[in-house]
Amino acid sequence: MLIKTPAPHDPLPSEITPQSIYLDRRSALAALGLAAASPLALAQSVPGGGKLPKLPGARSAVAGAMVLDKPTSYADASSYNNFYEFGTDKSDPAEHAHTLKTRPWTVSVEGECAKPGRYDIDALLKLAPMEERIYRLRCVEGWSMVIPWVGYSLGTLLKLAEPTAKAKYVEFTTLADRAQMPGVRSGVLDWPYVEGLRIDEAMHPLTLLAFGMYGEVLPNQNGAPLRLVVPWKYGFKSAKSLVKIRFVEKQPTSSWTKAAQQEYGFYSNVNPNVPHPRWSQATERRIGEDGLFSRKRPTLMFNGYEAQVGQLYAGMDLKKNY
Ligand SMILES: Nc1nc2c(c(=O)[nH]1)N[C@H]1C(S)=C(S)[C@@H](COP(=O)(O)O)O[C@H]1N2
Ligand SMILES: [Mo]
């Protein structure tokens with residue numbers, strides 16, 4: 001076999017090789033008829049569940065959008081979830097999220113912008129070409145997955161709203177409906193789920209508005225009909241089942257920060273050097289690799305996206321701004 005499978009602790013090709021070079025290497029392999037051996041081709045053949053409508057995406061050209069790690073199986077990615085609106089156990093969302101109705105669905109874009117609007121989900125699906133992007137997702141709890149998402153950059157939608165100079169942050173609100181979401185009856189979080197990004201983070205091309213995964217529309221438990229995916233931040237910043245996007249002047253307070261201020265800072269960039277108050281963040285467990293002999297992976301700075309997003313935080317103390 002031509003391609004060495006990296007040991008879990010080896011740096012990934014995407015981290016040590018400029019993207020243009022490994023992309024070239026990949027097309028060279030494809031020309032040799034070795035495309036099937038490339039992790040990318042592998043990813044594109046990773047099957048979905050087969051029960052949901054197809055939602056294909058063209059391979060993304062955004063720098064850093066295609067990590068070469070082996071994707072997590074669809075079965076794991078759609079059954080081990082955090083979606084507290086459906087319960088706090090990892091198995092709760094897959095078990096209970098079938099009650100979520102994803103049509104009709106609208107998303108309002110409002111606040112500090114010249115062109116606020118209400119978008120129907122079917123209009124959003126047609127707003128821009130769908131791209132497939134393979135991202136690492138790391139939960140603050142210490143586990144990670146690799147998921148082929150389908151969607152487009154959030155910035156595409158945000159730009160249409162023409163944010164004003166006062167729009168320093170973007171606040172995201174997700175659905176909180178007791179009738180459809182049994183977890184909302186509990187007081188575990190202050191509903192609705194609210195998250196926030198700085199405007200430049202929200203506009204970064206890697207910040208994804210996702211509608212699908214594994215070539216199919218999102219299963220409800222993964223945040224249907226649309227969610228955020230911010231790959232360099234802990235998973236909780238990636239709000240599911242979005243209903244409102246608001247441009248604001250002041251830093252929004254997220255539901256997690258309200259629940260435990262010392263544990264969940266506003267930035268929440270993946271940083272192995274900033275331990276969670278109750279555990280280290282130096283390593284992580286990749287879901288699907290939890291065999292007896294599998295080792296933990298070292299957590300990567302910015303979850304491995306430092307080359308793409310490090311500049312956003314130039315001059316900031318990343319221990320203070322955790
Ligand atoms: N609305 C909503 N979004 C949410 C959550 C949630 O509880 N509610 N959990 C977050 C957390 S903690 C993580 S790790 C990711 C998990 O995404 P996944 O289940 O698709 O892997 O979703 C995030 N988005
Ligand atoms: Mo998480």
Side-chain angles (χ1 to χ4, degrees), residues 48-49 52 71-97 100 102 105 107 133-151 171-178 180-184 186-197 207-214 216-245 254-260 263-265 268-270 276 278-279 281 284-288 299 303:
L52 293 166
T72 302
S73 74
Y74 181 86
D76 282 344
S78 61
S79 65
Y80 188 92
N81 300 102
N82 271 338
F83 199 167
Y84 276 24
E85 287 84 339
F86 294 101
T88 53
D89 284 352
K90 295 286 173 284
S91 56
D92 282 337
E95 208 171 305
H96 303 299
L100 176 67
T102 59
W105 191 281
V107 178
R133 303 189 182 182
I134 304 173
Y135 284 176
R136 296 184 200 92
L137 180 144
R138 190 195 189 282
C139 178
V140 74
E141 296 163 342
W143 49 269
S144 64
M145 298 196 197
V146 177
I147 298 184
W149 301 104
V150 183
E171 181 186 82
F172 302 91
T173 306
T174 77
L175 185 72
D177 180 353
R178 284 163 182 258
Q180 303 178 53
M181 301 171 134
V184 173
S186 91
V188 63
L189 283 177
D190 182 14
W191 313 108
Y193 193 102
V194 171
E195 258 307 336
L197 294 172
T207 300
L208 182 70
L209 196 55
F211 301 84
M213 62 184 215
Y214 301 79
E216 297 175 5
V217 303
L218 286 172
N220 289 353
Q221 60 267 33
N222 291 81
L226 82 169
R227 70 174 295 175
L228 217 58
V229 189
V230 193
W232 68 96
K233 294 179 183 276
Y234 290 117
F236 64 86
K237 296 296 277 189
S238 294
K240 295 175 168 181
S241 305
L242 286 173
V243 292
K244 189 163 63 176
I245 298 174
S254 85
S255 298
W256 290 105
T257 305
K258 273 192 201 164
E263 305 199 1
Y264 307 106
S268 300
N269 290 319
V270 175
H276 181 278
R278 291 182 279 137
W279 57 82
Q281 294 290 23
E284 65 198 50
R285 182 171 65 91
R286 181 66 52 84
I287 299 299
T299 297
N303 206 21

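Each ligand, and each atom within it, is numbered from 1 in the order the structure gives. As the structure is a computational prediction, the values presented were derived from the model and not from experiment.
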Under-4.0 Å salt bridge between Lys90 and Glu141: yes

Under 3.5 Å: donor-acceptor pair, side chain of Thr207, backbone of Val230: no

Closest protein heavy atom (residue, atom, distance) for atom 15 (C) of ligand 1: Gly235 O, 3.6 Å

For Asp190, all residues meeting salt bridge (Lys or Arg N to Asp or Glu O under 4.0 Å), sequence neighbours excluded: Lys258

Set of residues satisfying side-chain hydrogen bond (donor to acceptor under 3.5 Å, both in side chains) with respect to Arg138, sequence neighbours excluded: Gln281, Glu284, Thr299

Any Phe83 side-chain heavy atom under 4.5 Å of Asp92 side chain: no

Distance from atom 7 (O) of ligand 1 to nearest protein heavy atom, with residue and atom: Tyr84 N, 2.8 Å

Proximal atoms of ligand 1 relative to Cys139 (non-hydrogen, under 4.0 Å): 14 (S)

Within-shell test, Ser238 vs ligand 1, heavy atom, strictly < 4.0 Å: yes

Note, Val140 side chain near Ser268 side chain (heavy atom, < 4.5 Å): no

Any N or O of Asn222 closer than 3.5 Å to N or O of ligand 1: yes

Atom 18 (P) of ligand 1 - nearest protein heavy atom and its distance: Lys240 NZ, 3.4 Å

Nearest neighbour in protein (non-hydrogen) for atom 1 (N) of ligand 1: Glu85 OE2, 2.9 Å

Asp177 vs Trp191, side chain to side chain contact (heavy atoms under 4.5 Å, CB included): CA-CA, chis, key distance, verdict: CA-CA 9 Å; Asp177 180 353; Trp191 313 108; over 6 Å; no

Part of Tyr193 with heavy atoms under 4.0 Å of ligand 1, whether side chain, backbone, both or neither: side chain

contact_flag Arg227 ligand 1 heavy-atom lt 4.0 Å: yes

Contact atoms of ligand 1, heavy-atom distance to Phe236 under 4.0 Å: 10 (C), 11 (C), 12 (S), 13 (C), 23 (C)

Which of the ligand 1 atoms, numbered from 1, are nearer than 4.0 Å to a heavy atom of Thr174: 1 (N)

Pair Trp256-Tyr84, side chain to side chain contact (heavy atoms under 4.5 Å, CB included): steps then yes or no: CA-CA 11 Å; Trp256 290 105; Tyr84 276 24; 3.5 Å; yes

Atom 9 (N) of ligand 1: nearest protein contact (heavy atom, Å): Asn82 O, 3.2 Å

